[in-house]
Every structure is written in structure tokens, then in C-alpha cells.
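A short write-up of the structure that comes next.
In what follows, every heavy atom counts, from backbone to side chain, and hydrogens, waters and symmetry copies are set aside.
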Amino acid sequence: MLSISGLNQFYGQSHTLWDIELEVTPGECTCLMGRNGVGKTTLLNCIMGELAIESGQINYQDQALHQMRMEQRARTGIGYVPQGRQIFPLLTVEENLKIGLSARTDKLRQVPEFIYELFPVLKEMRQRRGGDLSGGQQQQLAIGRALVLDPKLLILDEPTEGIQPNVVAEIGEVIRKLNRDIGLTVLLVEQKLPFVRKVADRFYILDRGRRVANGKIDDLSDELVKEYLTV
């Protein structure tokens, strides 16, 4: 579904991503892992068009994603939940969700009811401003907003960061439901190992901007964890 080959990216004179190769298989949850500062968010920003790449290809469902403008990429069926959530604090929950409708191809103008079924708290608080929600509720809102556009691929950048444990568990269940029951393909950046082992099918590890390991989640050994993931 998503294929990255030979990707290189620079910040000024600094070479940040080196010949990245990555495959996201339809219907699976793939987790991108690594310590802070190794290039995980940079890679997601390259996929979404927020950062230009120096060389390489990003293909999504046989489309050359790297040749598209940033605003075109959401219309291809990619839902993106960025690090830090980036909701609109002065808009209501419902208004935040409706923003995602503009990227739909079927012209739907109402928030799909299944969003509220996945996150009942959003229905209860749909007239409350986004900035008044707790961190966990804001994360649920950010995921709901990405799902509103009816994506075929959902990309999440550290969805459990700074979230209370009970909401982390809820988000994990939602990802499992979307991925395994509905068949939504997921690319996830995450550092919490128990969460990763619960939701992911495959993993990739980055270190200093390079891919250093990948495989099925059952192949994520204690040695890899100690060498590349333990702080």
C-alpha cells in the first residue's frame, strides 16, 4: 500500500534520513520505532509533504506521492494524526471533526456516527471547545478528525504521548478494532513497548536516520530493544 525506497532528506547541510526503505502492507499495523531524534517524525513529515525529500520515492497505491503537493495527499485516502495533536482549541469538538470532511470524495457534510461510537466522549462534548478537553480527549479528537475523511491508511505519530493509562488502553483498542475488524491499514510511531506488542503486526527501527532492523512484531527481540530502544 505504502512503499518508500531510497529516501534521503536533509535539514540544510545535515543529512537526516539515509536511503530509507519501508513497506506498509495493506490491512496490517506497522510500527516505526527508535529513540528520540532518530528521524521518525521527519519521515512522517516527508510522507505527508511537510518536508521535501532530496531523493527517493514514496508510492501510495501506485501513486507517486512524493510528486504531489501536501494538500493533495490527504485526498488520496491518508489520515494523519501528528505529534502534539494540533487540534483547533477555539473550535468546538464538532467543528474540529468537520474539518476532515473537506478531504472526502463523497461530499458528506455530517460527522459519521461511527466516530462517536468509537469515542463516546466526543459525542458528549461535541459542543465544547477543543482547548477545554483533557490531553487524552484531545488525542481522541485528533484521531476522530483523521478518521472523518474515510482514510484507507491511518498514520499516527506517538498517539500515547502524555496520555493517562486508561485512555492509552482505549486508544489501543480503537486501533485494534480499526485494523483487525475493519481492515484499516495503520502506520504508527510509538515507543511504549507493551502498546506496540499489543497492536502492531510489523516493526521498523530507525537509528541516526537509518533503518537498522525490521520484521514481524514477534521478531522484536530483547537484544534489539536494548540496543536501539532502551534509553
Side-chain angles (χ1 to χ4, degrees), residues 1-7 17 19-34 38-48 56-66 73-83 103 114-115 118-119 139-140 142-161 168-207 210-221 224-225 228-229:
M1 174 172 276
L2 178 71
S3 176
I4 298 173
S5 59
L7 187 149
L17 294 176
D19 299 317
I20 297 296
E21 306 278 338
L22 184 145
E23 294 280 344
V24 177
T25 303
E28 291 191 341
C29 178
T30 300
C31 186
L32 184 62
M33 308 178 73
V38 300
K40 304 184 301 294
T41 295
T42 296
L43 180 56
L44 296 192
N45 287 338
C46 290
I47 293 170
M48 297 310 300
Q57 295 184 335
I58 307 173
N59 294 310
Y60 170 69
Q61 291 190 326
D62 299 322
Q63 301 176 80
L65 208 62
H66 57 284
R73 301 191 190 197
R75 298 182 186 277
T76 65
I78 300 176
Y80 180 42
V81 182
Q83 190 176 32
F114 91 92
I115 302 295
L118 285 173
F119 301 112
Q139 186 63 56
Q140 292 177 79
I143 296 172
R145 183 179 59 189
L147 293 173
V148 161
L149 61 83
D150 191 28
K152 302 298 182 290
L153 170 65
L154 179 64
I155 299 177
L156 305 106
D157 193 352
E158 299 209 30
T160 69
E161 184 179 28
V168 169
E170 291 177 14
I171 290 173
E173 288 304 315
V174 166
I175 292 173
R176 283 172 59 91
K177 179 179 179 65
L178 292 169
N179 177 234
R180 300 182 185 184
D181 295 350
I182 300 175
L184 179 64
T185 306
V186 178
L187 174 59
L188 168 72
V189 167
E190 184 53 64
Q191 298 197 59
K192 290 184 172 65
L193 280 171
F195 187 87
V196 171
R197 294 188 188 280
K198 181 178 180 180
V199 303
D201 298 297
R202 296 182 179 274
F203 73 91
Y204 284 81
I205 297 177
L206 296 186
D207 187 57
R210 301 176 187 270
R211 190 192 81 180
V212 293
N214 67 285
K216 294 182 179 180
I217 199 64
D218 291 341
D219 299 329
L220 183 56
S221 65
L224 286 174
V225 171
Y228 295 114
L229 304 177

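- Although no hydrogens or angles enter the test, the distance criterion places a donor-acceptor pair under 3.5 Å between the side chain of His66 and the main chain of Ile58.
- The closest side-chain heavy-atom distance from Tyr80 to Leu154 is not below 4.5 Å.
- In this structure, Leu7 and Asp19 have side chains that are not in contact, with every pair of non-hydrogen atoms separated by 4.5 Å or more.
- Looking at heavy atoms from C-beta onward, Val148 lies out of side-chain contact with Arg145 at the 4.5 angstrom threshold.
- No side-chain donor from either of Ser3 and Asn59 sits under 3.5 Å from a side-chain acceptor of the other.
- With respect to Glu21 and Arg211, no salt bridge is recorded, no charged nitrogen being found less than 4.0 Å from a carboxylate O.
- Between Ile217 and Cys31 the shortest side-chain heavy-atom distance does not fall below 4.5 Å.
- For the residue pair Gln63 and Thr76, no side-chain donor N or O sits within less than 3.5 Å of a side-chain acceptor on the partner.
- Remark: the backbone N or O of Glu23 is paired with a side-chain donor or acceptor of Tyr204 at under 3.5 angstrom.
- When side chains are defined from C-beta on, Leu156 does not count as touching Ile171, because their heavy atoms never get closer than 4.5 Å.
- At distances below 3.5 Å, not a single donor-acceptor pair connects side-chain atoms of Thr25 with backbone N or O atoms of Glu28.
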> Which is it for Glu161 and Glu190 under the side chain to side chain contact (heavy atoms under 4.5 Å, CB included) test, yes or no, and what are the steps along the way?
Replying inline: CA-CA 8 Å; Glu161 184 179 28; Glu190 184 53 64; over 6 Å; no
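- Contact between Ile175 and Cys29 at its shortest, heavy atoms only, is CG2-SG, 4.5 Å.
- Proximity of a side-chain donor or acceptor of Thr185 to a complementary backbone N or O of Gly27 within less than 3.5 Å is detected.
- The backbone N or O of Val189 sits nowhere less than 3.5 Å from a side-chain atom of Asp157 that would complete a donor-acceptor pair.
- Taking the side chain as every heavy atom from C-beta outward, Lys192 and Arg197 never approach each other to under 4.5 Å.
- When atom types are taken as modelled, the side chain of Tyr228 and the backbone of Met33 share no donor-acceptor pair closer than 3.5 angstrom.
- One N or O on the side chain of Arg180 and one on the backbone of Val199 form a donor-acceptor pair closer than 3.5 Å.
- Within 6.0 Å of the CG atom in Asp181, the count of heavy atoms belonging to other residues, nucleotides or ligands exceeds 12.
- For the atom pair OG1 (Thr30) and CG (Leu188), the distance works out to 9.5 Å, reported to the nearest 0.5 Å.
- Rounding to the nearest 0.5 Å places CG of Leu149 at 9.5 Å from CD1 of Ile78.
- Contact check for Leu17 versus Thr42: side-chain heavy atoms found under the 4.5 Å cut-off.
- Side-chain atoms of Asn179 and Val186, non-hydrogen and from C-beta on, do get closer than 4.5 Å to each other.
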> Can Val174 and Phe119 be said to form a side chain to side chain contact (heavy atoms under 4.5 Å, CB included), step by step?
Replying inline: CA-CA 9 Å; Val174 166; Phe119 301 112; 3.8 Å; yes
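- Atom CD1 of residue Ile47 and atom CD1 of residue Ile20 lie 10.5 Å apart, to the nearest 0.5 angstrom.
- A distance of 4.0 Å separates CD of Gln83 from OG1 of Thr41, quoted to the nearest 0.5 Å.
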